[in-house]
*Asks:* 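So that we are looking at the same thing, I have put the structure below in structure tokens.
Atoms within each ligand, like the ligands themselves, are counted from 1 in listed order. This structure is a prediction, so every number in the text was calculated from the model and none was measured.
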Amino acid sequence: METIRLPIIMQGTALREKSRAKSIGFVPTMGALHDGHMALVRAARAENDIVVASVFVNPIQFSAGEDLERYPRRLSEDIEKLEAADTDILFLPEASNIYPSGFSTSVCVKGLSEKLCGAFRPGHFEGVATVVLKLLNIVQPARVYFGLKDYQQSLIIRRLVKDMLLPVEVVLCLTLREPDGLAISSRNGYLSAEERKAATVIYRALLMGAEAVKDGLKSPSELGALMREALATEPLINEIQYIGAYDPETLDALETLVKKELLLATAVKIGQTRLIDNLLCNGLK
Ligand code: AMP
């Protein structure tokens with residue numbers, strides 16, 4: 001695996017490979033790689049001539065008081081994992097090369113960016129959209145891989161690609177979970193043993209919601225209340241930012257469950273750790 005640090009070198013390499021009709025599959029990450037990330041790398045490996053993964057903890061998607069400084073950094077383990085998965089190129093830029101002095105551009109996917117997580121993390125998705133557009137311009141992939149674990153992010157990126165007619169296919173991959181159901185996340189490492197156990201309630205609450213929908217529950221507010229109660233059984237959940245049933249295209253709270261597909265989604269805090277999860281399920285026909 002080759003490691004490239006400079007954007008201009010990465011872009012030159014990518015353009016050269018493209019001119020040789022090689023397809024590039026790209027997996028953008030913030031590192032501390034886990035099985036969820038590696039599933040994206042495997043999908044990229046299966047579908048492209050060249051696999052590029054980036055590790056970049058994007059400072060502009062963190063606001064003051066968030067976990068930018070303590071975000072886990074495990075570069076040597078990341079390199080081992082990427083090599084084992086037959087990655088061709090690790091793109092490992094410095095923040096000063098992605099945002100050199102004078103950098104002034106910001107990309108905002110309006111509407112979607114303000115909902116759900118956006119209401120609690122102002123500026124977050126603008127930071128995500130800005131870095132993703134820049135990374136796509138640098139890496140020039142035919143396909144870019146994102147996880148449904150970050151459903152709202154994946155929707156915003158799909159919107160960005162469509163709106164700006166970016167010549168890339170966005171491939172979405174299912175959420176990988178621990179055996180007890182907790183969605184795998186780099187932030188799970190912040191949890192104490194007790195908190196880690198408590199965190200299993202998040203997926204249970206979503207499953208309970210999906211089950212209630214399957215059993216014919218018609219009221220979104222009742223559904224929300226049911227899932228909220230499920231979360232509230234766990235005293236270590238100290239904040240429920242949102243939980244409910246949402247339109248998977250607009251992220252608006254649903255007024256009826258008579259929909260083909262609905263998104264059950266939540267964000268909670270356990271101690272200082274913010275965790276998100278979601279589940280797509282079929283509503284009543
Ligand atoms: P991150 O390093 O958190 O920015 O994540 C990089 C990519 O991995 C994003 O597209 C995430 O949605 C995806 N990802 C993170 N956790 C998981 C998971 N448990 N299953 C599948 N994809 C994931």
*Asks:* Can you sort out which atoms of ligand 1 are near Met30, meaning under 4.0 Å from one of its heavy atoms?
*Replies:*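 Once the distances to Met30 are compared, the set is 1 (P), 2 (O), 4 (O).
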
*Asks:* Is there side-chain contact between Thr266 and Ile202, with at least one heavy-atom pair below 4.5 Å?
*Replies:*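 Side-chain contact under 4.5 Å: yes.
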
*Asks:* Go through ligand 1 atom by atom and flag the ones less than 4.0 Å from a non-hydrogen atom of Thr29.
*Replies:*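 In order of number, 2 (O), 6 (C).
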
*Asks:* Identify which of Arg177, Arg187, Gln153 has a heavy atom lying nearest to atom 9 (C) of ligand 1.
*Replies:*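 That would be Gln153.
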
*Asks:* In terms of side-chain heavy atoms, does Asn58 have a donor or acceptor partner in Gln61 at a distance below 3.5 Å?
*Replies:*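 Note: Asn58 and Gln61 side chains meet the donor-acceptor criterion.
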
*Asks:* At what distance is the nearest protein heavy atom to atom 1 (P) of ligand 1, and which residue and atom is it?
*Replies:*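 Checked against all protein heavy atoms, atom 1 (P) of ligand 1 sits closest to His37 NE2, 3.6 Å.
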
*Asks:* Out of all atoms in ligand 1, which are within 4.0 Å of some heavy atom of Leu174? Include the element for each.
*Replies:*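 Answer for ligand 1: 20 (N), 21 (C).
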
*Asks:* Would you kindly check if the NZ (Lys) or CZ (Arg) of Arg70 is within the cone defined by 45 degrees around the ring axis of Tyr190 and under 6.0 Å from the six-membered ring centre?
*Replies:*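 Cation-pi check for Arg70 and Tyr190: passes.
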
*Asks:* Could you check whether any heavy atom of Val27 sits closer than 4.0 Å to an atom of ligand 1, since that is the contact criterion I want to use?
*Replies:*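 No heavy atom of Val27 comes that close to ligand 1.
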
*Asks:* For the pair Phe56 and Tyr99, name the ring-plane relationship: parallel under 30°, tilted 30 to 60°, perpendicular over 60°.
*Replies:*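 Aromatic pair Phe56/Tyr99 classed tilted.
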
*Asks:* Do any heavy atoms of His34 fall under 4.0 Å from ligand 1?
*Replies:*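 True for this residue.
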
*Asks:* Around atom 22 (N) of ligand 1, find the nearest protein heavy atom and jot down its residue, atom name and distance.
*Replies:*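 Minimum-distance protein heavy atom for atom 22 (N) of ligand 1 reads Gly147 CA, 3.6 Å.
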
*Asks:* Considering only heavy atoms of Pro28, which atoms of ligand 1 have at least one such atom less than 4.0 Å away?
*Replies:*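 Listed by number with element: 6 (C), 7 (C).
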
*Asks:* In terms of residue, atom name and distance, what is the protein heavy atom nearest to atom 3 (O) of ligand 1?
*Replies:*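 Going atom by atom, the protein heavy atom closest to atom 3 (O) of ligand 1 ends up being Tyr71 OH, 3.9 Å.
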
*Asks:* What part of Leu40, side chain, backbone, both or neither, has a heavy atom within less than 4.0 angstrom of ligand 1?
*Replies:*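 Near ligand 1, Leu40 shows its side chain, while the N, CA, C and O stay back.
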
*Asks:* Run the numbers on Asn48 and Arg143 for side-chain hydrogen bond (donor to acceptor under 3.5 Å, both in side chains), then give the verdict.
*Replies:* CA-CA 8 Å; Asn48 300 277; Arg143 298 180 192 85; 2.6 Å; yes

*Asks:* Measure from NZ or CZ of Arg177 to the centre of the six-membered ring of Tyr203 and say whether it is under 6.0 Å with the direction within 45° of the ring axis.
*Replies:*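 Judged by the rule (NZ or CZ under 6.0 Å from the ring centre, within 45° of its axis), Arg177 counts as positioned above Tyr203.
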
*Asks:* What closest approach, in Å, do Tyr246 and Ala265 show between heavy atoms, and which atom pair accounts for it?
*Replies:*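 The pair with the smallest heavy-atom distance is CE1-O, 3.7 Å.
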
*Asks:* List every atom of ligand 1 that sits less than 4.0 Å from any heavy atom of Ile184, numbering the atoms from 1 in the order shown and giving each element.
*Replies:*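 Near Ile184, the atoms of ligand 1 are 16 (N), 17 (C), 18 (C), 19 (N).
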
*Asks:* Answer yes if the side chains of Gln241 and Arg274 hold a donor-acceptor pair under 3.5 Å, and no otherwise.
*Replies:*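 Checked: Gln241/Arg274 side chains pair up, N/O donor to acceptor below 3.5 Å.
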
*Asks:* How far is atom 14 (N) of ligand 1 from the closest protein heavy atom, and which atom is that?
*Replies:*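 I find the closest protein heavy atom is Asp150 OD2, 4.2 Å.
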
*Asks:* Any donor-acceptor pair under 3.5 Å linking the side-chain atoms of Arg204 with those of Thr200?
*Replies:*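 There is such a pair between these side chains.
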
*Asks:* Going by the atom numbers of ligand 1, which of them fall below 4.0 Å from some non-hydrogen atom of Lys149?
*Replies:*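 Going through ligand 1 atom by atom, the ones under 4.0 Å from Lys149 are 16 (N), 17 (C), 18 (C).
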
*Asks:* Starting from atom 20 (N) of ligand 1, what is the nearest protein heavy atom, named by residue and atom, and what distance separates them?
*Replies:*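 For atom 20 (N) of ligand 1, the nearest protein heavy atom comes out as Leu176 N, 2.8 Å.
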
*Asks:* Walk me through whether Tyr71 and Glu66 qualify under side-chain hydrogen bond (donor to acceptor under 3.5 Å, both in side chains).
*Replies:* CA-CA 9 Å; Tyr71 196 84; Glu66 289 192 334; over 6 Å; no

